[in-house]
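FYI, side chains are in, hydrogens and waters are out, and symmetry mates aren't considered; it's all heavy atoms of this structure. Below, read A as the first sequence line, B as the second, and so on, with proteins coming before strands; counting in each chain starts at 1.
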Number of protein chains: 4
Amino acid sequence: MARPLSDDKRTAILEAAAEVVAALGVSAPTAKIAKAAGVAEGTVFTYFATKDELLNQLYLAIKTELSDAVMAGYPAGGGVDRRCRHIWDRYIGWGSRHPLKRKAARQLAVSDRITGRSREVVAEAFRGFNALMRECVEGRALEGLTPEFASSLLGAVAETTIEFIAREPKRAGPYSEAGFQAFWKGVTG
Amino acid sequence: MARPLSDDKRTAILEAAAEVVAALGVSAPTAKIAKAAGVAEGTVFTYFATKDELLNQLYLAIKTELSDAVMAGYPAGGGVDRRCRHIWDRYIGWGSRHPLKRKAARQLAVSDRITGRSREVVAEAFRGFNALMRECVEGRALEGLTPEFASSLLGAVAETTIEFIAREPKRAGPYSEAGFQAFWKGVTG
Amino acid sequence: MARPLSDDKRTAILEAAAEVVAALGVSAPTAKIAKAAGVAEGTVFTYFATKDELLNQLYLAIKTELSDAVMAGYPAGGGVDRRCRHIWDRYIGWGSRHPLKRKAARQLAVSDRITGRSREVVAEAFRGFNALMRECVEGRALEGLTPEFASSLLGAVAETTIEFIAREPKRAGPYSEAGFQAFWKGVTG
Amino acid sequence: MARPLSDDKRTAILEAAAEVVAALGVSAPTAKIAKAAGVAEGTVFTYFATKDELLNQLYLAIKTELSDAVMAGYPAGGGVDRRCRHIWDRYIGWGSRHPLKRKAARQLAVSDRITGRSREVVAEAFRGFNALMRECVEGRALEGLTPEFASSLLGAVAETTIEFIAREPKRAGPYSEAGFQAFWKGVTG
DNA sequence: GATGAATGAGAATTCATTCAT
DNA sequence: GATGAATGAATTCTCATTCAT
């Protein structure tokens, strides 16, 4: 092979895309992404056939990174509360450390350019949560409180928490604690 | 002025914009909005100076409509739980009845085309909640659980609930109940 | 209607397209066509939805113009020879007077951007020839010499003739005569 | 030079170019030609400095092949009619057997990328015809019927004939006969 | 020599906005 | 005021050509 596709370059394009999409939304010009990545405009298309593919790959990359971050060091043998807390802390931590990626993911999630397939793949990556959520909601006699619903609630409450932390970083601890309690009491009763 | 600006036409444009933005995002062409509204392309610009103004006015209109819907019949003299429940039911009800407006509002909210000023105006419209939320969180000894935070949690949990209802309309009752319990227990302990 | 689509402008774009396509082939940039027509780049697309549509309309326009030119003053009551000669003279005349249109039509004809439908429409416009050609070939005992074949031969010989005239305009008369004789003797024996 | 340019590879590229140009016209991407030839994109440019050179070489190669095919077994000592017939049969035969090369040559001929020099070289290759054509037109008292004109007529009538054969291969015999008679009677009177 | 990634100048098309009617 | 044609900057994507490997 003459010059193999460079993983570094691919990553640089995705990182640049995250920044630019965070700032300008999914309508961010590919030219700006290329510039931010330090490559030629055309190079974007040797790594991603179309802009839509780039956006979908970006979505997957961010969500996968989040999933990995959240699951690292997961205390599989611990109690439900400990395991939920682990997830929570990691989620809040990753989100606080990567505000642009979080913003980009949000822009992507609401856009219609992310395919059903991509959303499925991401859902699959978070499938592991459902078992944990099942344990959480087990005692509650609430028909609507399915594990999937609980899982989405965790995400929604966490996102809200991260946003407040972003606005007032000094109160990160209290907000994180309040968010977790809101989720925990809300779901486990 | 022989022919004054018509409120009907303005409303038609906003309604059309909600639909088209829900479907295509904020990059929806003004020409498509005009067509959906049954007016000429140029007419959009006699009612809204620029597309950005149209988007901001749309955002305000939707949020104001939601706010009005939520506050209608507010039982000012009732207990905290009853008042919260009122808000909750109205919120879920309005959201379920207006999926396109909700989707449009979401697209608008994440876009960078809604000005800080617009966001402030909306926040102001929901300011009334904070008093109620203060009552909710009063007993809890949680520094981070401010009324503003509780208010955002209500919104986040409600949006999640509406989404699940949209996917499974038959289970609207159980989801609404589960969502409310999650919020209530989460915030009041 | 605010400002109706202008037939003049449409014609100007088609005329410009003929010139530019003659010079650069079907890959002629629409921007150049617009410039040659004295309109903005975008205007081309208010008259023709896509470049392909422009090319097809151009093909139809040129062929229709040729067909009209050839049939003007057709001596319906004259003998076969007189009618063939009429067609021939008009064909050579129009072709010699419109070298760019002829060149453009040739570029278009060999390109794959002219649809089958367009080709059919053109064939239909020249359908009238077949009756005349039938009279021409009637006496000959040559299975392969169908009216359609004779019609194509007329076109091929005429095009060749026009090309020689284009190179040596001073010998237009002799070339035209030689071409006609070649066709006439060749087809009627 | 350790590894000399390979004639096989050069030929493969030209053959591939014929196919791809036949299908896509002169705007066929060099990358597609490379792929069809089974070589790398860059390799095309070690055999042909530019795309224009490739196209010109392709044009020359096809026309030379045709010329060789037509002249093979030429009955130099036979009568004019026998020699013309030989040319005719070979021309029709080669054209029928190589529809893609014929189509490619047509695309190339109308494009502006074939240089005057290339056209001259091809004309030179067919110069031999002129002597034969001179014999054909000798008796006719037609100023315009020069040998060069007769030569072009032969080409035009043959191309038309081949096209009809391509559409109805079963009637190859009658069409070839009719085509030849049209040329022969047309030119020799 | 062969390879194919990298480049950046176009190319077709879209679209907010203007303005003649 | 209403209309929609006209505008041209901006956008995604293509492709001949170069050059590191």
Side-chain angles (χ1 to χ4, degrees), chain A residues 1-6 9-10 27-35 38-55, chain B residues 1-6 9 27-35 38-55, chain C residues 1-6 9-10 24 27-35 37-55, chain D residues 1-6 9 27-35 38-55:
Chain A
M1 231 173 297
R3 207 183 315 184
L5 282 172
S6 139
K9 218 159 258 181
R10 195 188 123 97
S27 60
T30 53
K32 280 211 170 106
I33 294 171
K35 188 164 218 181
V39 301
E41 287 182 38
T43 301
V44 170
F45 295 95
T46 91
Y47 286 83
F48 304 94
T50 63
K51 187 181 178 184
D52 273 5
E53 197 194 310
L54 168 60
L55 294 179
Chain B
M1 240 174 284
R3 222 181 316 177
L5 286 174
S6 137
K9 230 161 240 180
S27 61
T30 53
K32 275 204 173 118
I33 294 171
K35 186 164 213 185
V39 302
E41 287 178 43
T43 302
V44 169
F45 293 91
T46 90
Y47 288 85
F48 304 92
T50 64
K51 186 181 179 184
D52 274 4
E53 197 195 312
L54 168 59
L55 293 178
Chain C
M1 230 172 297
R3 206 183 316 183
L5 282 172
S6 139
K9 217 158 260 182
R10 197 190 120 98
L24 304 178
S27 61
T30 53
K32 280 209 170 109
I33 294 170
K35 188 164 220 181
V39 302
E41 287 182 40
T43 301
V44 170
F45 295 93
T46 92
Y47 286 83
F48 305 93
T50 62
K51 187 181 177 184
D52 273 5
E53 197 194 311
L54 168 60
L55 294 178
Chain D
M1 238 175 281
R3 223 182 313 182
L5 285 174
S6 138
K9 228 161 242 180
S27 61
T30 52
K32 275 205 174 116
I33 294 171
K35 186 164 212 183
V39 303
E41 286 178 44
T43 301
V44 169
F45 294 90
T46 91
Y47 287 84
F48 305 93
T50 65
K51 186 181 180 184
D52 274 4
E53 197 196 312
L54 168 59
L55 293 179

message: Base, sugar-phosphate or nothing for K9(B)? Non-hydrogen atoms, less than 4.0 Å.
response: sugar-phosphate
message: Let me check I have this right: for DNA chain E, each base becomes ., (, ), [, ] or |, based on Watson-Crick or G-U pairs with both distances under 3.5 Å. What is the full string?
response: .||||||||||||||||||||
query: Which is true for A49(A) with a 4.0 Å heavy-atom rule: it touches a base, it touches only sugar-phosphate, or it touches nothing?
result: nothing
field: Length of the NZ-P vector between K35(A) and dA6(E), whole Å
entry: 20 Å
- prompt: Under 4.0 angstrom, heavy atoms only, what part of the nucleic acid is Y47(C) near: base, sugar-phosphate, or nothing?
  reply: sugar-phosphate
query: How many angstroms lie between CZ in R10(A) and OG1 in T46(A), if you round to the nearest 0.5 Å?
result: 11.0 Å
task: Starting from P on dT21(F), measure out to CG on L5(A) and report it in whole angstrom.
output: 14 Å
- request: May I have the distance from I33(C) (atom CD1) to dA12(E) (atom P), rounded to whole angstrom?
  value: 8 Å
query: Starting at the 5' end of DNA chain E and moving along, which residue's nearest nucleotide shows up first, K32(B) or S6(A)?
result: S6(A)
- request: Give the rounded distance in Å between these two atoms: CG of D52(D) and P of dC15(F).
  value: 16 Å
message: With rounding to the nearest 0.5 angstrom, report the NZ to OG distance, K32(D) to S27(D).
response: 9.5 Å
- request: Would you tell me if any nitrogen or oxygen in the side chain of T30(C) comes within less than 4.0 Å of OP1 or OP2 on dA12(E)?
  value: yes
statement: Ranking G42(B) and A31(A) by the position along DNA chain F of their nearest nucleotide, the one closer to 5' is G42(B)
query: Looking only at side-chain N and O atoms, does T43(D) come under 4.0 Å of OP1 or OP2 in dA2(E)?
result: no
Separation between CG of L55(D) and CZ of F48(D), rounded to the nearest 0.5 Å: 10.0 Å
query: How long is the span from the CZ atom in F45(C) to the CG atom in L54(C), to the nearest 0.5 Å?
result: 8.0 Å
message: Rounded to the nearest 0.5 Å, what separates atom OG1 in T43(C) from atom CD1 in I33(C)?
response: 13.5 Å
message: Rounding to an integer number of Å, can you tell me how far R10(C) CZ sits from dA6(F) C1'?
response: 17 Å
- request: Counting heavy atoms from C-beta on, name the nucleotide in dT12(F), dT7(E), dC15(E) closest to the side chain of P29(A).
  value: dT12(F)
message: Could you tell me how far apart F45(A) (CZ) and dC13(F) (P) are, to the nearest whole angstrom?
response: 5 Å
- request: Grab the CD-P distance between E53(A) and dT12(F) for me, whole Å please.
  value: 15 Å
task: Could you tell me which non-hydrogen atom of A34(D) sits nearest to which non-hydrogen atom of A40(D), and how far apart they are?
output: CB-O, 3.7 Å
message: Taking the nucleotide of DNA chain E with the nearest heavy atom to each, does K51(C) or T50(B) sit closer to the 5' end?
response: K51(C)
message: Minimum heavy-atom separation for K9(D) and S6(D), please, with both atom names.
response: N-OG, 2.9 Å
message: Rounded to whole Å, please give me the gap between CD in E41(B) and C1' in dC19(E).
response: 13 Å
query: At under 4.0 Å between heavy atoms, what does A28(D) touch on the DNA or RNA strands: base, sugar-phosphate, or nothing?
result: sugar-phosphate
query: Does the K51(A) side chain pair with the main chain of P29(A), one donor and one acceptor, at a distance under 3.5 Å?
result: no
